[in-house]
Peer 1: 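The structure that follows is given in the form of structure tokens.
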Amino acid sequence: MGGLRKTSTKMTTPRRGSSSSSGRGRGSSSRGGRGGSHNRPTGKGEFTERPKATPKVDEDDNSYDVFEAEDHEDFGKRRRRHVERVDVRNYELDNIDSEDDEEIDSDDAFNDSDEERFASYKRLPGASSTKDVDSEDSEEEDEEDEEDEEDLVDLSEMLDASESEEEAEGLSKAATLLSPSALGFDDLAVDGVDEEDSDDQAFAGMDSDSDASVASDDDEEEEAERLSKLDGFVTSISARAPRRRFVTETGGGYAEDENAIGSGLVTKGVSLGINDLLGSLGGHADEAEGGEHQGLRQIRDLKNQVTKLDKAAKKAGAGVVAAPLAKRLQDQMDRQVAYEKSKKSVSEWQPTVDSNRAAEHLSFPMNQPDCQTLTTASLVSNLGAKTDLEAQIQSVLQESGMTDEQQRQYEELELKNLSPEEVRLRQRELRMMRELMFRSERKAKRMAKIKSKAYRRILKKDKDRAQEKAMERLKEEDPEMHAMLVEKMARSRAEERMSLRHKNTSKWAREMSKRSHGDEDTQQALRDQLEQHDALKRKVYDIGSGEELSDYEAGKDSDGESDSDADMSFAAVKSRALQKIAAEMDKNDAADDTPHKTLFGMKFMQNAMQRKEEAAQRDAQMLHDEFASLEADVDEDGVAISLKRPAAKKAKVEAKAPGRMSFGAAGAKKQKQADEDGDEPAKRVRLNEAGQVGQVASGGGHRVRLAEPVSVEAAEKKGRGGKSAEPAALNPWVSDDVSAHAGQRGGKLNELSKDSTKLDKLSARLRSKRKGGAAGGGAEESVLLDVNKTLSVDKPAADHSDDEPASDDDIRLEHKGRSAVVNPNAFSQRELVEQAFAEDNIVEAEFAAEKDAAMDDEAPKDLDVTLPGWGSWGGTGVAPASKRIIRKAPEGSGVLKQNRMDAKMGEVIINQKQAKSSNKYYASNLPFPFYTSKQYEETLQAPLGKEWNTAKSHSKGIKPRVLVKA
Amino acid sequence: MKIKALSRSTAEYTRETKSDIQKLPRNIDPELHPLERAREYKRALNAAKLERMFAKPFLASLSGHIDGVYAMAKNPWDLDSVVTGSGDGELRMWSLSSQETVWRAPEAHRGIVKGVCNIPGGETDRFLSVGTDKLAKVWSRSESAVASDGITPETVATYTGKHAFSGIDHHRNRPLFATSSSLIEIWDVDRSEPITNLTWGADTINTVKMNQTEVNVLATCGTDRSIILYDLRTNSPLAKLVMTLSTNAISWNPMEAFMFATANEDHNVYTFDMRKMDHAVNVLRDHVSAVMDVDYSPTGQELVSGSYDRSVRLWDVNKGHSRDIYHAKRMQRVFCVKYTLDNNYVLSGSDDSNLRLWRARASQRMGAKSNRERSAIEYADKLKDRFAYVPEVRKVLQHRNVPKGIKKASRTKQDMLQSRKRKEENVRKHDKSGKPRVPERKKAILGVTSK
């Protein structure tokens, strides 16, 4: 800006330097702002009008007051203070003597020499001017201000450092009031100093105000004039120094515009706010006429905005921007803030990191892009020629009219030639076909889904039958063809049997079986082949010929025949069976006549064979006998309803039925039989498995009849001296539980059958004898059982042939019933107790000895390692060396007696032995992440191996924490 | 009536193919498999022994450099290639699979190559190198073709600095790179002058590392024992951490944006959280001489460090001691180490002018494995982990044959540390002020400041 530059050229060199130095202070920056922004839009004309604007300043000021009413009065006092200072002209210069100060006129206060002298001194903010200062005074003031602008930096800094913001605000107000227009410096304003003024113009302007105005007014001057200007410039250069002095003295050179004045005011410690600038602008605005209305409105808007902002700032308590801190401090704060910000931003990763740290498994790469899944839709949408070849083919198709679209069009055209009826007919046909196809498809699908085996079987049979029928029909219609087909089938079967063609042995099959890993289709193909093999190999039965029927089929047929002969009389069946058995026996007899060579010719083999044959013969004989003796209940039709055996034989068999209770034995049996024969009515008692009388539910498998009456009461009476059985029965130690005995006996008896070994039998005999003795020859009741009529028919034939056990006669059952017979060997309760605690004191002594031994065993032991004969003299008359070498027990090797855990416990031995061998299985100290040994133990509890886990949990258990897929 | 017969389908016991294993039906009734703990313990012990038997970590020594290898860079977009710079200013690009030099620039720099880094993105095969000759150069295997062997190829671009460079790193996703000298300079790839200078203090900076996750943060370490963090967004330093001895190298954790590891002169590797640097997160102590370089594995779970004691050590980031030590008879001071990006190999460059290729897990074998083999290995690993604290297994797993020098030095160091500790304890005992014990994680830290 020209104006600014002009004033700055008038400044003294240090001032210039200071104004150019960066980061000076608020004052300078606001000045720059004003120069830069606000004068530009208004342009040249504004400056010429300025004198007229002067009276309006007060109004402006008022409007300003309206905007900032609340602050205005507060600052008023302070302003006044400054004004007083101005009046007193208290400059507070260090080196000016008081007497000098009094004498020197303000105009002369700073002459050239002074300037040189005091150039380096700083001035404190002393003076400012007010409204009521007269124009001349203010002129001088401004002059001085201008002069002292070099102090600006220090002043503002000081202000920033020391004074409150409020005060600074106040100062800015003062500056506003002292705007050049307010002071009426009309003549001083540099009119028409253009922004585009060149340096020489500016310099020319320095000569005098009039010169400057002239020079700037005429933009299109001739060269001669320029030359004259140049002359003037040269002269101005030559006369620079003294002139500058003059300028500073009179103050005529400054205040070309408001900027200059503003800057001058700042030297007094007053800073300019944006309101000051706007205030003056507003003044101009009000004055301005028609063409500039829009501009005015804008300005007003701007003003309003600024005011609002200003208010907001004030409310926030930061009406004025604080001075920048020292760089070092600023950097510190910047770093702190930046660090906080960075921390915050980097902490956004925290959740991710946390989840990764806590994750049981990490799999890398982590965020792998999903492989693109191609859908049909996407493929179709992108369908088109991609390569050159494809494009070429496409074009050829296009040319020859073979593309789908063209084909369709062609068909449509063709259809147009047909009559509507025909078209309809054809459509109906097509629809019908489609419908049928659809149905059959659905049906086939449904049928294919059926899993029932029965259905499949039936289906297969149907198929076979149909084929058979077809063959039969063929046979009737075209026998030659039929014969040919049959022959062909037979041939293929024969071939199949010979070859391995469908046995999955071919090269292809081998290849396939290698590659068919999990491929269902291939496996199916292989299976099909095998099936084909089976199908081909199957025998073909020609119903007509009958010769090819296998034995099995024939047998089946004959069986069927026999089955169908259900109505055959029982006698006929029997006779046939007998015949067969006889034939078998004959065959056996006849068979062994043939002489054998080799192994079968050897003696022992022959013996064995003979034995076998004999057994077979015996079996056959038995079977024969049985059949022969069979009788049948025959109903009206002669059909056997049930089979019976002769009674005598049955008894023989059943008495020895294994696993059955068999009370009484052969000796008694005879008697029993006699009884039965004599038809003596027997008293019937039922015994259950445990031998308890009369408690058996009917229908149980163990229904037993006693052949003779059982005299239970009689047995009961025969106690010891008629003692009551009840109290004795209460004592489990003393009582002789009948039922238990009986049960036991029953159990034992169950074992006593034909299979019983001799040992068993012997022991049974002994038992019975002893019992006889114990009872003291008491009345014995032998219980005879008749089990004839309850046993079933189907006994193995072998039973007949078996011999009777040799000792059957000796086994005799004595059943005492519920008799409370007191055992003479039994102890009395007291005796028992006495016996039980008989050796208590002995046990105590034994225990003490044992504990002592244990203590000694676990105590640390010194070891005597003396070797006899070593380290001592031998020979007669020499006393044996008494020195013994004893190795002390190593530290912590055992447990001292007094330190034992069981030292003070009487009846306890606590084993404090340490199994050293197991030490190696224990961790020496607790591993890091665990807090208790229990936690650690728990991690070892469940085994990981396959043997102890399911496949799934095994693979889960062994999955590594970090998995990297390359 | 349907009778259920006992039957087995042939599919259960027939192999589909010849290579299939015979399936054996097994019963997991615990009665049939007693003594599970004892058996698994034995298996663990055997696995541990086998692991040590198969531990053959050394794979190859790639020779070609004439001077020591002092700078190395792995290429995140090409597993096979690695670039190294040596003391005589030579640059070499190696193919790890064929284990040979595929490209070289004999006089890339006058003086030591102090740093190499790849230009990320994978579009080009360009990489940067800096040297003490105040030059930063851009190279490319394809673009700066070798005219004939022994002739230095043309650079793609060259940047001239004011000081001898000591390190370089590239921004993750912007065309910026940072160099360290006596200050940090941020360069735009398209400009010949640095766009920003970052300083704090006036000492020489050892290296610079940019965070590849939180991409605008970078860390430097200087000879004034400091580690300084900078942020490119604010163009300002963030914080300064001063330790008792200077730091030689820094590596950012690729998985945890705020974690970084430092290789310190005091034989230890420290891991830090950049937000709370008043204490180390972990101190990894096993080396017996200054740690020269450190690098994270791509999983962020492991570290590799190279030391002046002629050994390379592998660490679990959460544990205090190394899990393995690699050394070779002819390997000299290790100046740079890198963990390859497939997590399987480790590279070390040392004073003896060789680049060495190691397995990351000494007993691991590469190649495809059948499912059975893999699960057997995993089972063995789990068992080893499980019984690692049992004395017998631990002894087998921890035993290493260490060079005599290292063994002696570690014993001496242990004595020293113990006596120092004893002294401290004694002082504490007779000190009435009752100062709290300084945790190990704070001992090496003099202070952290943003001021």
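Chain identifiers are assigned alphabetically (A, B, ...) following the order of the sequence lines, protein sequences preceding nucleic acid strands; residue numbering begins at 1 within each chain. Just so you know, these numbers come straight off a predicted model, no measurement behind them.
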Peer 1: Please look at A:K514 and chain B and tell me whether the side chain, the backbone, both or neither of the residue comes under 4.5 angstrom of a heavy atom of that chain.
Peer 2: backbone
Peer 1: Is the terminal nitrogen or CZ of A:K343 (NZ for Lys, CZ for Arg) located under 6.0 angstrom from the six-membered ring centre of A:Y339 and within 45° of that ring's axis?
Peer 2: yes
Peer 1: Do the charged groups of A:E360 and A:K959 touch, with an N to O distance under 4.0 Å?
Peer 2: no
Peer 1: Below 4.5 Å, heavy-atom pairs only: which of B:K319, B:R374, B:R39, B:R394 has the largest tally toward chain A?
Peer 2: B:R39
Peer 1: What part of B:E36 lies closer than 4.5 angstrom to a heavy atom of chain A: side chain, backbone, both or neither?
Peer 2: both
Peer 1: Using a cut-off of under 4.5 Å on heavy-atom pairs, state which of B:T213, B:V217, B:L32 scores highest against chain A.
Peer 2: B:T213
Peer 1: For A:V346, which atoms come within 4.5 Å of any heavy atom of chain B: side chain, backbone, both, or neither?
Peer 2: both
Peer 1: Tell me, for B:S375 versus chain A, whether the close heavy atoms (under 4.5 Å) come from the side chain, the backbone, both or neither.
Peer 2: both
Peer 1: Please find out if less than 6.0 Å separates the ring center of B:Y41 from that of A:Y921.
Peer 2: yes
Peer 1: Could you look at B:R37 and say if it's the side chain, the backbone, both or neither that has a heavy atom under 4.5 Å from chain A?
Peer 2: side chain
Peer 1: Does any backbone or side-chain atom of B:D381 lie under 4.5 Å from a heavy atom of chain A? Answer side chain, backbone, both or neither.
Peer 2: neither
Peer 1: Given that the side chain runs from C-beta out, which part of B:T449 has a heavy atom under 4.5 Å from chain A: side chain, backbone, both or neither?
Peer 2: neither
Peer 1: Does any backbone or side-chain atom of A:L362 lie under 4.5 Å from a heavy atom of chain B? Answer side chain, backbone, both or neither.
Peer 2: side chain
Peer 1: What option among B:D273, B:L238, B:D385, B:L341 has the most heavy-atom pairs under 4.5 Å with chain A?
Peer 2: B:L238
Peer 1: Looking only at heavy atoms and a cut-off of under 4.5 Å, which of B:V390, B:T299, B:L229 has the most pairs with chain A?
Peer 2: B:T299
Peer 1: Report the option among B:R386, B:E392, B:E256 that has the most heavy-atom pairs separated by less than 4.5 Å from atoms of chain A.
Peer 2: B:R386
Peer 1: Is the distance between the ring centroids of B:F272 and B:H279 under 6.0 Å?
Peer 2: no
Peer 1: Under a 4.5 Å heavy-atom cut-off, does chain B meet the side chain of A:R328, its backbone, both or neither?
Peer 2: neither
Peer 1: Can you say whether A:S345 sits under 4.5 Å from chain B via the side chain, the backbone, both, or neither, judging by heavy atoms?
Peer 2: both
Peer 1: Taking the inter-plane angle between the rings of A:F930 and A:Y936 on a 0 to 90° scale, is it parallel (under 30°), tilted (30 to 60°) or perpendicular (over 60°)?
Peer 2: tilted
Peer 1: Do you know which of B:S236, B:A257, B:G300, B:A38 has the most heavy-atom pairs under 4.5 Å to chain A?
Peer 2: B:A257
Peer 1: Heavy-atom distances under 4.5 Å only: say whether A:W948 touches chain B with side chain, backbone, both or neither.
Peer 2: side chain
Peer 1: Heavy-atom distances under 4.5 Å only: say whether A:M333 touches chain B with side chain, backbone, both or neither.
Peer 2: neither
